[in-house]
Each structure stands twice: as structure tokens, then as C-alpha cells.
Amino acid sequence: MPKRANDSFENNPRKLHSPKSVNIIVDATTSTPSPFTHHHSARIASDAVLQIPELVEGIGRYLCTKDVLALIRTNRFWNMAWIPFLYPSQTIQCYRKSSPSLIIEKYGQHIRTMDLSKCKARDILHLLDYTPHLVGLSIGACSLSFKELEPILISAAPKLRTFHFQVFSGPSDYSTKALALAAHLTNLEELSWQDQLSKIHVKDIMTVLQSCRRLRSLALHDMVLVEETPEPEPKEATEPDQDQERDTWTNTTLETLELSGVQRGMLNLEKASSADDTHSCFGQLFGRIPKISTIHFKGSDGLSPLDWDYIFRKCSLVRHVTIQIRSLFQIASPGAMEAINRYCSNVKTLQYNSNSPSSDHLFAQLVGRNSELQTISVESSNFGDLAIKNLLPRPLKDNPSRPIPNAFRNEFLTELNLRHCVHVTDQGARLLLEKCSRLCYLYLRGSNAGSIELFESSQSWACVATLCKLSIDLHPRNYVLRYNSLRIIEGDHLSIPVQYQPAEEATIRKKLAALVALKELHLSGRALTSGIVSDLPDSGLDLISLGYMAYGFLRRPSNMDLQPFQKWSRSPVQVRSSVYGKINVVVLRRRPPEY
């Protein structure tokens with residue numbers, strides 16, 4: 001079949017159409033695009049990139065306001081793509097409907113989160129009318145009654161994912177059942193409620209958990225949990241399936257629960273039929289959240305051992321536990337560690353700061369039961385060498401006769417905080433440094449670890465390539481710290497030599513210089529001298545904090561010479577003191593590199 005004349009490509013530029021309808025003009029004689037073609041295709045490619053929402057979202061979160069303003073002024077298409085990142089969040093105080101904000105009226109549809117304080121109900125409703133795509137709302141220091149709060153939550157319910165509410169002073173008709181209004185937010189994923197005015201009924205929390213089936217985080221602050229014991233009412237004729245569903249429902253999406261300053265209210269003990277009924281307040285709450293993985297207790301004093309037993313019996317699959325409860329004049333909430341040791345075996349993060357009595361043997365049992373620990377913080381506790389031995393990585397065995405290959409317990413331990421743990425000695429600290437190869441943060445200040453015996457070992461430390469932050473006291477030989485109920489005090493060792501010999505200082509300096517990944521070093525103690533740290537700046541440190549512990553306070557040694565650090569530190573050496581003049585810490589920061 002003969003070819004037609006128009007089928008020849010010689011001296012005949014053609015307009016080719018790509019599958020995506022992008023026009024590209026090609027000159028067949030030179031096989032190179034024209035300048036117009038290159039400019040046109042580059043613009044088309046840039047516009048096509050902006051049509052990918054995930055890519056635009058990833059870029060927009062790193063842009064500052066100045067960059068966004070430059071982008072939206074490029075052209076109309078770029079204006080539509082980048083203007084949502086101009087005002088993504090707004091903090092508004094004392095807003096009044098009579099004097100509206102131009103930003104809210106013009107860019108309200110692009111606002112995603114809003115923080116309101118000292119606003120009235122009608123003004124909040126006016127703001128919600130201009131922010132139809134709001135996903136996060138925080139209301140604080142607002143005097144709202146029960147009837148005023150309900151329309152606000154109903155108006156914000158369709159799109160709201162995060163809600164924070166704080167009540168410090170309310171009207172006379174403020175209801176104690178205001179928390180139940182959060183049940184209107186069925187798409188809620190994070191809820192924080194702080195109420196210092198009244199008691200919170202457990203059934204209101206249950207209503208929220210039952211309605212908000214997407215809730216992942218719940219935080220309750222400064223409230224008293226109580227349970228009503230009403231008179232029995234006559235039961236109405238209902239279907240058996242409805243009664244069974246009402247009694248057996250659970251919230252399987254909640255992962256984090258924080259109780260800060262929450263106490264258990266008194267029940268009517270005359271109507272309680274058993275000991276379990278007196279603690280059903282926690283039994284009902286934690287029995288409905290079996291998939292909880294993170295629990296935070298902060299300042300929740302007044303919990304009995306039976307309360308803790310109830311909590312961790314229902315939530316035995318918890319992975320992250322934080323308990324920060326301290327009382328100056330009495331033991332704060334005893335029984336927490338016993339309950340964790342009894343029921344929990346999958347803990348990864350343990351943060352415990354309480355003056356409740358817990359022995360080293362109890363900590364040893366707990367770390368031996370949990371084989372996946374990654375972060376441990378047990379300040380001012382009886383955590384000691386016995387617990388450290390059970391914490392060391394070793395082959396994980398399902399039974400004594402058949403070990404699991406290539407599996408070690410606690411092999412991913414990265415952070416260990418043993419501040420003011422006087423039962424930790426040089427032997428225990430040396431085992432940690434020689435066996436834990438992934439350790440990144442180690443805090444030993446205030447413990448009995450830090451004498452020359454810790455550094456004299458011939459075995460190298462396993463964490464030299466990972467340890468980036470170290471805090472430790474340098475003690476003389478045979479130096480012992482004692483502990484009482486209020487603070488750590490020094491022993492009476494006035495006859496012990498304070499300074500080490502030059503050879504011993506070189507040994508300490510060699511061990512510290514071997515930590516190639518070290519970025520922050522906090523040293524204190526009576527044996528600290530300038531000779532120990534004079535050569536450390538060459539090892540890549542970014543910060544050095546120097547001082548020594550004397551009668552419970554950090555103080556700078558009188559024999560510390562600061563001249564070697566003047567050239568290394570940024571500006572003059574910083575010497576920080578407290579208002580009482582008892583804390584005197586030298587802070588050294590590395591100078592930025594000169595280019």
C-alpha cells in the first residue's frame with residue numbers, strides 16, 4: 001500500500017497528543033522541543049503536582065506564613081492550592097460578635113483548629129458559622145451554662161475531631177452533668193475535660209465512651225469521680241437483645257487515658273452489697289476499655305490498693321504506664337506497683353514517681369516479668385542493683401530447655417532514669433553500661449554510682465556508639481549517700497579524700513571520651529575537677545553542665561578552673577544560681593562551627 005504524502009515526517013512538524021491531553025510540539029528535523037514547549041510543559045507539570053492533595057499537605061506543613069503569602073500571590077491556581085495554609089489555626093481571646101474579625105469572615109472556611117478563651121456563647125456560635133471545616137476546638141476560661149454549651153457542641157459536632165474544655169468559674173446554673181454533652185460529638189477522636197467545679201458521675205463518662213466510638217484519647221483533669229446509687233426503678237418490658245447489648249458494650253478504639261488530679265468520691269456504703277461494689281466506680285470505667293494501651297495518673301492521690309487492683313486487672317494489656325503521685329506528709333496511693341507486677345506483662349514504658357514504698361525485690365520481679373521494656377523512669381525510688389540484674393538483656397526463653405533463637409529480653413532498652421535512687425551502686429551501673437548496647441539516655445545523678453570503681457573496669461562499654469546523654473555524680477572512694485523521706489543527704493565522710501590522683505582522673509576521662517555519640521554531659525559530685533573534663537570538648541559534646549551535690553543542692557566546686565573552657569564555650573561561661581544562692585551550675589555550650 002503506497003504511503004500518503006501526509007504520512008512523511010520529513011520537514012513536517014506535527015502536533016502529538018499525549019494520553020493525558022498535554023500538548024507537546026516537536027520539530028522532527030531537530031528532535032528538540034522549542035522554548036515555548038519547555039515552558040509550557042514545566043507549567044503543566046507544576047500544576048499537576050498541586051493536584052495531589054497528599055503532596056500539597058506534606059509540603060504545606062513546613063511552610064511559614066511568609067512563604068505561603070508568596071505562593072498565593074503567584075497566580076489564581078496557586079492561590080486556590082496554598083491559601084488553606086495561610087490561617088490553619090487561630091487563637092482568639094475576648095471575641096465579640098459586634099466587632100467581627102476580617103480574618104475569620106474571609107478565611108474562616110480554611111481554619112482547621114481554633115483556641116477560644118473568655119468568649120460568650122453567642123460569640124462562639126458566630127465563630128462556628130464562619131468555620132465549617134473546623135476539626136479542632138479548645139474552649140477555656142469561658143463562663144458557659146449547660147444550656148449554652150449544648151448548642152455549641154451540636155453545631156460543631158459534624159466535623160469536630162479534637163475538643164478541649166476547661167472550666168474554672170461557671171454560672172450559678174452550671175450543671176454537674178456537662179460532660180455528658182460530649183456524647184453529641186460522635187466523630188470525636190481526642191477529648192480533654194477539666195472541671196474544677198463539681199463532681200463527675202461515672203455514668204456520664206460511660207455515655208461518652210458509648211457514643212464516641214472513634215475516640216482514641218481521653219483526658220480528665222481536676223475532678224472527683226462518683227457513682228450514683230439511686231433507688232431501684234421498676235423495669236419496663238424490653239427485648240432481651242437490647243438489654244444484653246446495653247450491658248456488654250465496650251469501646252475498642254480508646255488507646256490513651258489520662259487522669260490528672262482525679263480522685264474517687266465516697267459512695268453510699270450502706271447500699272453496697274460487697275467490697276467490689278465500693279470500687280465499682282473504677283470497675284465500670286476500666287471494664288469498658290479493654291484495648292487501652294496507655295495510662296497516665298498524675299496527682300491522683302487517694303487511691304487505695306484495691307483501686308489499683310481494679311484498674312490493672314481490667315487493663316492487663318497496657319503498654320505505657322505513667323504514675324506521678326507524691327505527698328509530703330503521707331504515703332501517696334500505695335499498691336500501684338504491686339498491681340502492675342501482678343497483672344501486666346507487656347509494659348514498654350514505665351514512669352513511676354511516687355513516695356509509695358516499693359522494694360528493690362518488687363522492681364526486680366516487675367522488670368523480669370516484662371521483657372519488652374524500652375523506657376524506665378523511677379526517680380527517688382528503691383530501684384537498685386537487684387532490679388538492674390533482671391533488666392539486663394539475656395536470651396529470651398519460653399521454657400528452660402528450649403531458648404528462642406536471636407531473641408533477647410529488654411534488648412531495646414534506650415532510656416533509664418535512676419535519679420536519686422540510692423540503692424544503685426557502681427556494680428549495677430557498670431553492668432548497665434557493659435551490657436545494654438542500645439542505651440541512649442542514662443541518668444544516675446543522686447545515686448551511689450559514680451566512683452572510680454565504675455571507670456576502672458577493663459571491659460569496654462557496650463553503649464559507646466549510642467549513648468548521647470549522660471548525667472552522673474563523681475564520688476570519692478567508699479562514698480555513700482543516705483536517703484530519708486524528704487530528700488537525699490550526704491553521709492558524714494569528712495576524712496575521705498575528695499580529689500583523685502592524676503592517673504585516676506585520666507582513667508575517668510578516657511572512659512568519657514570513648515562515648516563517641518555523646519552530646520550532653522551533666523557532671524557533678526565532690527570528686528569533680530577541671531582536670532577530668534578539660535580534654536572532653538574534642539569529643540563532639542554540645543553541652544556540659546558542671547556542679548556538685550552538697551546537702552541536697554548542686555554547687556560548683558571551689559577548685560574548678562574555668563579558664564580551659566572559655567575558648568570552647570559560647571560567649572562567656574554561664575554560671576547560674578538560684579535565688580537562695582545554693583545552686584551554682586556551670587553550663588557550657590559548644591560554639592557553632594565557623595565557615
Side-chain angles (χ1 to χ4, degrees), residues 383-386 388-389 392 416 418-436 439 441-464 467 469-483 488-516 518 520-539 541 544-551 554-561 564-565 585-586 588:
F383 196 98
D385 292 348
L386 181 60
I388 289 178
K389 292 180 181 179
L392 298 177
L416 187 58
L418 301 177
R419 286 193 182 101
H420 308 305
C421 294
V422 295
H423 296 284
V424 176
T425 63
D426 292 324
Q427 290 77 14
R430 185 169 56 190
L431 290 175
L432 283 172
L433 294 169
E434 293 177 354
K435 301 296 183 181
C436 298
L439 198 61
Y441 305 94
L442 180 60
Y443 306 93
L444 297 173
R445 178 172 286 178
S447 67
N448 276 303
S451 69
I452 188 62
E453 297 177 0
L454 175 62
F455 303 92
E456 285 180 337
S457 175
S458 59
Q459 185 176 353
S460 61
W461 291 349
C463 57
V464 291
L467 191 65
K469 190 171 183 178
L470 176 63
S471 176
I472 191 172
D473 293 338
L474 299 181
H475 301 307
R477 289 183 182 270
N478 303 323
Y479 192 78
V480 179
L481 290 174
R482 300 198 307 267
Y483 177 78
I488 294 178
I489 60 176
E490 290 185 313
D492 298 328
H493 303 284
L494 301 180
S495 60
I496 297 177
V498 174
Q499 298 184 18
Y500 286 115
Q501 298 297 324
E504 296 173 332
E505 291 183 351
T507 301
I508 299 175
R509 186 168 58 250
K510 181 180 178 181
K511 284 288 187 179
L512 295 178
L515 302 174
V516 294
L518 195 62
E520 292 188 20
L521 179 61
H522 301 266
L523 295 178
S524 58
R526 284 189 173 273
L528 176 62
T529 60
S530 58
I532 295 177
V533 294
S534 59
D535 296 336
L536 289 181
D538 295 334
S539 61
L541 287 169
I544 298 181
S545 175
L546 307 176
Y548 81 98
M549 185 71 68
Y551 301 101
L554 279 171
R555 304 183 67 182
R556 196 185 88 188
S558 57
N559 56 357
M560 176 68 68
D561 184 14
F565 307 104
V585 184
V586 181
L588 307 174

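Values below: all heavy atoms of this structure, side chains included; hydrogens, waters and symmetry mates excluded.
- Side-chain atoms of Cys436 and Leu392, non-hydrogen and from C-beta on, do get closer than 4.5 Å to each other.
- Considering Ile472, Thr507, Leu470, Leu518 in turn, Leu470 is the only one that fulfils the side chain to side chain contact (heavy atoms under 4.5 Å, CB included) rule with Leu512.
- Between Phe383 and Ser447, the closest side-chain pair of non-hydrogen atoms is not below 4.5 Å.
- Shown here is Lys389, whose NZ atom has no more than 12 heavy atoms of other residues, nucleotides or ligands within 6.0 Å.
- Leu442 places a side-chain heavy atom less than 4.5 Å from the side chain of Leu433.
- Annotation: side chain of Tyr479 is in contact with side chain of Arg526 (closest heavy-atom distance under 4.5 Å).
- Separation of atoms CG (Asn448) and CG (Asp473) is listed at 9.5 Å; rounding is to 0.5 Å.
- Smallest separation of non-hydrogen atoms from Ala429 and Ala449: CB-CB, 3.6 Å.
- The CZ atom of Arg430 sits 9.5 Å away from atom NZ of Lys511, with the distance rounded to the nearest 0.5 Å.
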side-chain contact (heavy atoms from CB on, under 4.5 Å) evaluation trace for Cys421 with Tyr443: CA-CA 10 Å; Cys421 294; Tyr443 306 93; over 6 Å; no
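- Between Glu520 and His522 there is a side-chain heavy-atom pair separated by less than 4.5 Å.
- Annotation: side chain of Tyr441 is not in contact with side chain of Leu467 (no heavy-atom distance under 4.5 Å).
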Would you list the atom pairs, donor with acceptor, under 3.5 Å between side chains in residues 452-464 and any protein atom, with sequence neighbours excluded?
from, atom 1, to, atom 2, distance (Å)
Glu456, OE2, Arg477, NH2, 2.8
Ser457, OG, Glu434, OE2, 2.8
Ser457, OG, Gln459, N, 3.3

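- With no hydrogens or angles considered, a side-chain donor-acceptor pair links Arg445 and Ser524 at under 3.5 Å.
- Residues Asp385 and Thr425 have side chains that bring a donor and an acceptor to within less than 3.5 angstrom of each other.
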